Amino acid sequence: MRAALGATVVVCAVMTALPGAASAEPMTVPGAASDRGAGVERISVATDGTQGDGDSAGATITANGRRIAFASSAKNLAPATPATGQRVFVRDQRTSQTTLMSTLTPPIQPPVISGDGQYVALWGLLQRDTTTFLSRVSSASTIGINCSGLSCSQPSLSTDGRYIAQVATFSRPPSRQRIEVQDWQANHTQTVTEFGHTVSARPSISGDGRFVAYQDGQAEDVFVWDQTDDTSAGPIEGPAKAATLVQISKDGSKIVYISGSDTYVQDERSGADQLVPNVRGVAIDPTGRYLLYAPHDTNGPSLTLRDLETGTDEIVSNQPASAGTDAVSAGGRDVVFHSTADDIVPGDTNGKSDVFVRHLY
């Protein structure tokens with residue numbers, strides 16, 4: 001189930017480091033980015049602060065806001081960056097270090113960093129097919145994570161990086177797909193569901209690996225799978241609505257989905273939906289309290305963070321900007337996004353898309 005890519009010694013470096021995973025960072029770390037106070041910083045810079053000479057986007061942040069992974073075509077962010085193609089980098093906000101992750105393949109989609117900041121997953125090409133690559137941040141050592149199909153795609157990580165929800169597709173060209181959960185440390189795989197089509201399934205896994213939210217892209221329905229009894233419930237939006245999954249919160253308490261022009265946040269204990277009208281949900285923080293959304297009204301802010309308990313909003317960006325899932329740290333303290341605007345921070349003269357982090361308090 002686990003295939004080494006590159007020299008065997010690289011894989012050994014990952015495997016021998018695993019006992020240290022128990023010392024992963026706590027949810028809050030003194031001196032982390034979330035302690036810096038409100039404001040915005042550019043993340044897609046080299047360790048010495050040099051701005052990138054290529055486009056950067058697709059940022060994902062750890063639960064405590066310390067580490068941010070992103071994809072970039074810049075060649076000057078870290079030593080030994082390949083001369084062509086996008087690569088994945090991790091910015092440590094406590095040390096101001098920018099580190100190049102795997103050089104094995106350019107990513108097809110934005111990377112995913114585990115909530116504890118120990119691992120980064122990316123989806124890339126392996127010969128004719130795609131696979132999930134997993135890099136350990138401390139060493140940048142990388143392995144390939146197999147699946148039951150010819151191609152593996154759309155990875156979602158548990159908080160400790162041990163469990164990977166991904167999509168396996170079969171035959172060439174692909175004709176069917178299976179959503180699986182890999183415990184790559186134990187060499188164990190569980191099947192979540194199978195579809196006789198390849199319309200997007202988009203799995204999203206909870207922090208402990210117990211729940212996987214996913215969509216049937218063809219039927220436009222959202223479901224949630226529970227590992228403890230190996231059953232799926234849904235469609236969670238009911239039979240009358242078409243829905244698209246956004247994300248399950250890492251604590252497993254909330255599932256965000258879009259139906260029509262509205263966003264819904266479902267409480268998984270009660271099954272009750274909280275409506276956030278006329279917006280596109282983008283991400284939810286690990287605690288399930290803070291929703292990042294993009295208003296459909298383009299005359300106002302491009303990204304806004306809502307406290308779902310109080311109903312209050314905080315503007316993340318007034319300039320045109322985009323973000324993806326896992327873009328909000330725990331408690332809504334930090335939000336990562338990318339933008340081509342050159343007036344978000346001083347000294348932005350590269351004319352490229354850059355990654356930023358908004359510290360809200």
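Note that the structure is predicted; figures quoted are calculated from it, not measured. Count residues from 1 along the sequence.
Checked by atom type, the side-chain pair Thr142/Ser135 shows a donor-acceptor distance below 3.5 Å. Side chains of Thr189 and Gln182: a donor on one and an acceptor on the other come within 3.5 Å. With hydrogens and angles left out, the side-chain atoms of Gln319 and Ser339 include no donor and acceptor closer than 3.5 Å. With no hydrogens or angles considered, no side-chain donor-acceptor pair links Ser153 and Ser151 at under 3.5 Å.
Between Asp160 and Gln118 the shortest side-chain heavy-atom distance does not fall below 4.5 Å. By the 4.5 Å heavy-atom criterion applied to side chains, Arg91 and Val45 are counted as neighbours. Taking 4.5 Å as the limit, some side-chain heavy atom of Phe170 sits within range of a side-chain heavy atom of Ser148. Side chains of Thr99 and Val137 form no contact here, defined as non-hydrogen atoms less than 4.5 Å apart. Annotation: side chain of Lys241 is in contact with side chain of Asp273 (closest heavy-atom distance under 4.5 Å). Between Ile344 and Phe337, some side-chain heavy-atom pair lies under the 4.5 Å cut-off. Put simply, the side chain of Asp221 reaches to within 4.5 Å of the side chain of Glu237, judged on heavy atoms. At least one side-chain heavy atom of Val335 sits under 4.5 Å from a side-chain heavy atom of Leu360.
Taking both residues in full, the closest heavy atoms of Thr60 and Ile113 are given as CG2-N, 3.4 Å, listed atom of the first, atom of the second, then distance. Closest of all the heavy-atom pairs between Ala323 and Val282 is O-CG1, 3.3 Å. Here the shortest heavy-atom pairing between Ala121 and Thr132 reads CB-CG2, 4.4 Å. Taking all atoms of both residues into account, the shortest heavy-atom contact from Met101 to Ala140 is CE-CB, 4.1 Å. Of all non-hydrogen atoms in Ser232 and Val192, the two that sit nearest each other are OG-O, 4.1 Å. Contact record, Lys75 with Gly85: NZ-O, 3.6 Å, taken as the closest heavy-atom pair.
In terms of modelled atom types and a separation under 3.5 Å, the side chain of Ser249 and the main chain of Lys254 share a donor-acceptor contact. Judged by distance alone, with hydrogens and angles left aside, the side-chain atoms of Thr263 form a donor-acceptor pair with the main-chain N or O of Val279 at under 3.5 Å. Although no hydrogens or angles enter the test, the distance criterion places a donor-acceptor pair under 3.5 Å between the side chain of Gln154 and the main chain of Arg202. Not one N or O on the side chain of Gln185 forms a donor-acceptor pair closer than 3.5 Å with the backbone of Gly161. Judged purely by atom type and a 3.5 angstrom limit, Ser72 uses its side chain to pair as donor or acceptor with the backbone of Asp55. No donor-acceptor pair under 3.5 Å is formed between the side chain of Gln177 and the backbone N or O of Val167. With hydrogens and angles disregarded, a donor-acceptor distance shorter than 3.5 Å links the side chain of Thr47 to the backbone of Thr98. A distance-only check finds no donor-acceptor pair linking the side chain of Ser114 to the backbone of Leu157 [under 3.5 Å]. Looking only at distances, no side-chain donor or acceptor of Ser158 sits under 3.5 Å from a matching main-chain atom of Gly209. Lys250 places no side-chain N or O within 3.5 Å of a backbone atom of Pro286 that could act as its donor or acceptor partner.
Atom CD1 of Ile248 and atom OG1 of Thr325 lie 12.5 Å apart (nearest 0.5 Å). With rounding to the nearest 0.5 Å, the separation of CZ in Arg162 from CG in Asp183 is 4.0 Å. Ser96 OG to Ile43 CD1: the interatomic distance, rounded to the nearest 0.5 Å, is 8.5 Å. Going from atom NE2 of His338 over to atom OG of Ser44 covers 10.5 Å, rounded to the nearest 0.5 Å. The CG atom of Asn350 sits 11.0 Å away from the OG1 atom of Thr50 when rounded to the nearest 0.5 Å. The line from CG of Leu100 to CG of Leu77 is 9.0 Å long, rounded to the nearest 0.5 Å.
Test Val246, Val256, Leu275 against Val265 for side-chain contact (heavy atoms from CB on, under 4.5 Å) and you get one pass: Val256. Each of Asp313, Asn318, Leu292, Val316 was scored for a side-chain contact (heavy atoms from CB on, under 4.5 Å) with Thr304, with one residue passing: Asp313. For the ring-ring contact (aromatic ring centres under 6.0 Å, His included) with Tyr214, the qualifying choice from Phe223, Tyr257, Trp225 is Phe223, the only one to do so.
With sequence neighbours excluded, the residues that form a salt bridge (charged side-chain N to carboxylate O under 4.0 Å, His left out) with Asp226 are Arg210. For Asp326, the side-chain hydrogen bond (donor to acceptor under 3.5 Å, both in side chains) partners two or more places apart in sequence, or in a different chain, are Gln247.
No continuous path of ILVMFWY side-chain contacts below 4.5 Å connects Val224 to Ile179, so the two sit in separate hydrophobic clusters. A single hydrophobic cluster is not seen to contain both Ile205 and Val112; linkage of ILVMFWY side chains at heavy-atom distances under 4.5 Å, directly or through other members, places them apart. Hydrophobic clustering (ILVMFWY, side-chain heavy atoms < 4.5 Å, transitive): Val357 and Phe70 are in one cluster. Taken together through direct or relayed side-chain contacts under 4.5 Å among Ile, Leu, Val, Met, Phe, Trp and Tyr, Phe356 and Leu303 form part of one hydrophobic cluster. In terms of hydrophobic clustering, with Ile, Leu, Val, Met, Phe, Trp and Tyr side chains grouped at heavy-atom distances under 4.5 Å, Leu305 and Tyr293 are assigned to different clusters.
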From CA spacing to verdict: side chain to side chain contact (heavy atoms under 4.5 Å, CB included), His197, Ser175: CA-CA 6 Å; His197 61 78; Ser175 60; over 6 Å; no
Derivation of the side chain to side chain contact (heavy atoms under 4.5 Å, CB included) call for Arg67 and Gln97: CA-CA 10 Å; Arg67 288 174 175 158; Gln97 295 289 312; over 6 Å; no
Intermediate values then yes/no, side chain to side chain contact (heavy atoms under 4.5 Å, CB included), Ile284 and Leu308: CA-CA 10 Å; Ile284 195 163; Leu308 295 169; 4.2 Å; yes
Side chain to side chain contact (heavy atoms under 4.5 Å, CB included) assessment of Thr169 paired with Arg176: CA-CA 6 Å; Thr169 53; Arg176 60 188 178 93; over 6 Å; no
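Note on residues 347-361: pairs passing salt bridge (Lys or Arg N to Asp or Glu O under 4.0 Å), not counting sequence neighbours, are Arg42-Asp348, Arg42-Asp354.
The neighbour count for Arg172 CZ, taken as heavy atoms of other residues, nucleotides or ligands under 6.0 Å away, is above 12.
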